[in-house]
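Note sheet for the following structure.
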Amino acid sequence: MKKLILSAFIFTFGFATATHAQQVNTLFTKQLPEAPGKEIEVITVSYAPGAVDAIHRHDAHAVVYVLDGEVETKPAKFVVFFIKNEGAPILTPIH
């Protein structure tokens with residue numbers, strides 16, 4: 001079942017440890033003239049079965065939609081829409 005996760009606050013998405021088996025592709029980035037200093041960035045992320053990522057956060061508003069698979073067990077692909085400060089990174093590692 002596909003899931004839609006909408007966050008009206010700063011979205012934090014993380015996994016416990018680091019087996020980096022993901023592929024990230026930027027689909028587009030566009031300035032938002034109605035919100036000076038803000039932009040939208042849309043990416044797809046694909047994870048292999050059992051892959052996890054280092055604990056991190058996104059300092060942005062985000063909408064995540066699972067396109068295929070299951071995030072916890074099977075190969076997964078999802079699309080993420082970020083509304084963030086212009087030029088800000090989409091991922092901040094937590095040490």
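Below, all heavy atoms of this structure are taken into account, side chains as well, without hydrogens, waters or symmetry copies.
The CZ atom of Phe78 lies 12.0 Å from the CG atom of Asp68; values are rounded to the nearest 0.5 Å. Rounding to the nearest 0.5 Å gives a distance of 7.5 Å between OG1 of Thr92 and CZ of Arg57. Rounded to the nearest 0.5 angstrom, Asp53 CG and Tyr47 OH are separated by 4.0 Å. Put simply, OH on Tyr65 and OG1 on Thr44 are 15.0 Å apart, with the number rounded to the nearest 0.5 Å. Note that CD1 of Ile43 is 12.0 Å distant from CZ of Phe28, once rounded to the nearest 0.5 Å. How far CD of Gln22 is from CG of Asn25: 11.0 Å, rounded to the nearest 0.5 Å.
Take Thr26 and apply the side-chain hydrogen bond (donor to acceptor under 3.5 Å, both in side chains) test, not counting sequence neighbours, and it matches no residue. Residues satisfying the side-chain contact (heavy atoms from CB on, under 4.5 Å) criterion with Glu86, sequence neighbours excluded, are Gln31, Glu39. The side-chain hydrogen bond (donor to acceptor under 3.5 Å, both in side chains) search around Lys38 returns Asn85, not counting sequence neighbours.
The shortest heavy-atom contact between Val80 and Ala62 is CG1-CB, 4.3 Å. What you find for Pro93 and His56 is that their closest heavy atoms are CA-CB, 4.1 Å.
Looking at His58, its side chain does come within 3.5 Å of a backbone N or O of Ile90 through a donor-acceptor pair.
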task = Check the pair Ile40 / Thr29 against side-chain contact (heavy atoms from CB on, under 4.5 Å), numbers first and verdict last.
result = CA-CA 6 Å; Ile40 185 167; Thr29 303; over 6 Å; no

